[in-house]
Amino acid sequence: METRNLTVIKESILLGLSGSAEQQYFLSVLFLCMYLMIVSGNMLIILVVGLNSHLHLPMYFFLSNLAFVDICFSSTTVPQMIVNILTDTQTIYFVGCLSQLFFFIAFVNMDSLLLCVMAYDRYVAICHPLHYIAIMNPCLCVWLVAGLWLVTYLHALLHTVLMAHLSFCASNNIHHFFCDLNPLLQLSCSDISLIVMVIFIVGGLLALTSLICILISYGLIFCTILKITSIQGKQRAFSTCGCHLSVVVLFYGTASAVYFSPSSSFLPTSDTILALMYTLVTPMLNPFIYSLRNSNMKRALQKMLCKGARFQQQ
C-alpha cells in the first residue's frame, strides 16, 4: 500500500455533523447562539473581576483565568465548525489541522488543571481559613497559573509532534467537526502503538493527577463541612461544592469517555456528541454556575450594571 506523509497531503475533509440542509442550518444557528453566550458570559466574568477591587482574591483570579480559557477553548473549534456548516466547505489544511489540535489539547488540559487548582483553593479556604491569605498569596497564584500554562503547552506540543510524524494513506475524511486525536489516528496507516501509549500514559497521568487532587480536596472539604454546627453554613458550603463538582463530573466524564476508551471502539457519532458537551455546554454553564450563584459576583455585577445604566442616562 502506498503511504503518503502528512507533508504530502495538503488538506483533509471535516465531515462534521450529518443531517439535512435544514438540520445543518438549525445546528449552525444553535451553535452560534451558544458560542456567543460562552464569549459574552465569560467576558463578563473577566470584566467584573477586573473592575472590582474587592474581587481581587485567589478564588476570583482563578475564576477569571478559567473564563479566559473557556473562551479560547471554544474558539479553537466552534467558529470553524459554524463556518463549515454555513459555507458548505469542509476542507481544512493539515497545517491548520495540527494547529487546531495543538491549541485544543492545550486549552482542554488547562481547563482541567484550573478546576484542580480551584478545588485546592476551596480546600485551603474551608479547611485552613486562618492561613488562607498566607498560603494562597498572589505570588503563588501567579506562579501556579504560569506553571499550568507551561505544562499544558509542552503536553500539547508532544502530541502534535508525534501526530506530525504519522503517515496517512487511506482517506483524508475526518469523522468529526474538528481535528481531534482519535479521528486522526483512525486515518493513519503508520504504527500508532507508540502514540496510543503516550496518550494513555502522559495524558492519563495528567488527567488522573488533577482528578485525584480534586477528589482528595473535596473529601477533606466534606469532612470539615460535617463539623460545621450552623445548618445555613453547611447548606451554603455544600451548594458551592455541588456546583463545582457537577462541572467536574460533566467535563471529566465526557472527556474520559472520548480519550480513554480503546481506539477500536471509536464511534464517530457518539464521540462527536460527547465532544460537543465539553466544548460547548460546559463553557456555557461556567458563568451561570460560578457567577449567578455567588453572592459577591452578583453584587459586583449589579453594581456594574447600575453604573452603566446611570452613564447611559447622562
Side-chain angles (χ1 to χ4, degrees), residues 41-72 109-152 206 209-248 251 285-305 307:
N42 286 287
M43 278 297 299
L44 190 60
I45 290 178
I46 297 172
L47 286 174
V48 170
V49 173
L51 295 176
N52 291 271
S53 58
H54 68 279
L55 294 181
H56 292 174
L57 300 171
M59 173 184 176
Y60 301 105
F61 172 73
F62 294 131
L63 178 59
S64 59
N65 276 274
L66 181 67
F68 173 74
V69 172
D70 279 341
I71 294 173
C72 298
N109 281 297
M110 189 65 183
D111 218 330
S112 67
L113 291 175
L114 276 174
L115 289 175
C116 174
V117 172
M118 292 174 72
Y120 175 72
D121 173 75
R122 292 298 85 202
Y123 156 73
V124 177
I126 295 175
C127 300
H128 303 282
L130 299 179
H131 304 284
Y132 178 73
I133 299 300
I135 295 175
M136 302 302 296
N137 58 79
C139 184
L140 175 64
C141 294
V142 172
W143 277 108
L144 272 175
V145 173
L148 295 184
W149 279 113
L150 178 62
V151 170
T152 53
L206 193 65
T209 300
S210 58
L211 181 59
I212 289 172
C213 290
I214 290 173
L215 294 178
I216 292 175
S217 297
Y218 274 100
L220 296 172
I221 287 173
F222 288 151
C223 291
T224 303
I225 290 175
L226 292 176
K227 299 176 183 177
I228 298 176
T229 56
S230 170
I231 298 178
Q232 185 179 5
K234 285 184 177 181
Q235 291 177 343
R236 184 169 59 251
F238 272 121
S239 175
T240 303
C241 295
C243 293
H244 186 236
L245 282 177
S246 64
V247 175
V248 171
F251 180 85
L285 293 177
N286 176 50
F288 298 98
I289 294 176
Y290 292 106
S291 299
L292 296 182
R293 301 193 64 174
N294 183 294
S295 58
N296 291 331
M297 288 290 292
K298 282 195 294 186
R299 284 195 295 268
L301 180 59
Q302 291 171 354
K303 182 179 178 181
M304 190 176 70
L305 292 177
K307 286 184 178 179

Practice task
Enter the distance from L144:CG to M136:CE here, rounded to the nearest 0.5 Å.
Solution key: 6.0 Å
Handout entry: Heavy-atom closest contact (G50 atom, H56 atom, distance)
Key = O-NE2, 3.3 Å
Handout entry: For I216, side-chain contact (heavy atoms from CB on, under 4.5 Å) partners two or more places apart
Key = I212, L220
Completion exercise
Scanning both residues in full, the closest heavy-atom pair of A119 with S217 reads O-CB, 3.7 Å
Practice task
Check whether any side-chain heavy atom of L113 lies under 4.5 Å from a side-chain heavy atom of V117, and answer yes or no.
Solution key: no
Exercise for the section: Applying side-chain hydrogen bond (donor to acceptor under 3.5 Å, both in side chains), name anything that partners N42, two or more places apart in sequence or on another chain. Expected result: N286
Problem - Those residues that, when tested against S210, pass side-chain hydrogen bond (donor to acceptor under 3.5 Å, both in side chains) (two or more places apart) - result: Y252
Exercise for the section: Determine the minimum heavy-atom distance between S64 and I45, stating which atoms define it. Expected result: CA-CG2, 4.4 Å
Exercise for the section: Before giving the answer on side-chain contact (heavy atoms from CB on, under 4.5 Å), spell out for W149 and V69 the whole-Å C-alpha distance, their side-chain angles and the decisive distance to 0.1 Å. Expected result: CA-CA 10 Å; W149 279 113; V69 172; 3.9 Å; yes
Handout entry: F62 side chain reached by P58 side chain, heavy atoms, under 4.5 Å
Key = yes
Exercise for the section: List in chain and number order the residues that pass side-chain contact (heavy atoms from CB on, under 4.5 Å) with V48, two or more places apart in sequence or in another chain; answer none if no residue qualifies. Expected result: L44, N52, L55, M297, A300, L301, M304
Practice task
Verify side-chain contact (heavy atoms from CB on, under 4.5 Å) between Y120 and I135, making sure each step is shown before the conclusion.
Solution key: CA-CA 11 Å; Y120 175 72; I135 295 175; 3.9 Å; yes
Exercise for the section: For residues M110 and V145, determine if any side-chain heavy atom of one lies less than 4.5 Å from a side-chain heavy atom of the other. Expected result: yes
Fill in the blank from the handout: With sequence neighbours left out, the residues meeting side-chain contact (heavy atoms from CB on, under 4.5 Å) with L285 are L250, V281, I289
Practice task
Drop me the distance from I221's CD1 to L226's CG, to the nearest 0.5 angstrom.
Solution key: 12.0 Å
Exercise for the section: To the nearest 0.5 angstrom, please state how far the NZ atom of K227 sits from the CZ atom of F222. Expected result: 15.0 Å
Completion exercise
Applied to residues 126-143, the side-chain hydrogen bond (donor to acceptor under 3.5 Å, both in side chains) test, sequence neighbours excluded, yields D121-Y132, Y123-H128
Problem - Contact check, side chains of V151 and L206, non-hydrogen atoms, under 4.5 Å - result: yes
Completion exercise
Rounded to the nearest 0.5 Å, the CG atom of D111 sits from the CG atom of L148 at a distance of 11.5 Å
Exercise for the section: Working to the nearest 0.5 Å, report the span between CD1 of I214 and OG of S112. Expected result: 7.5 Å
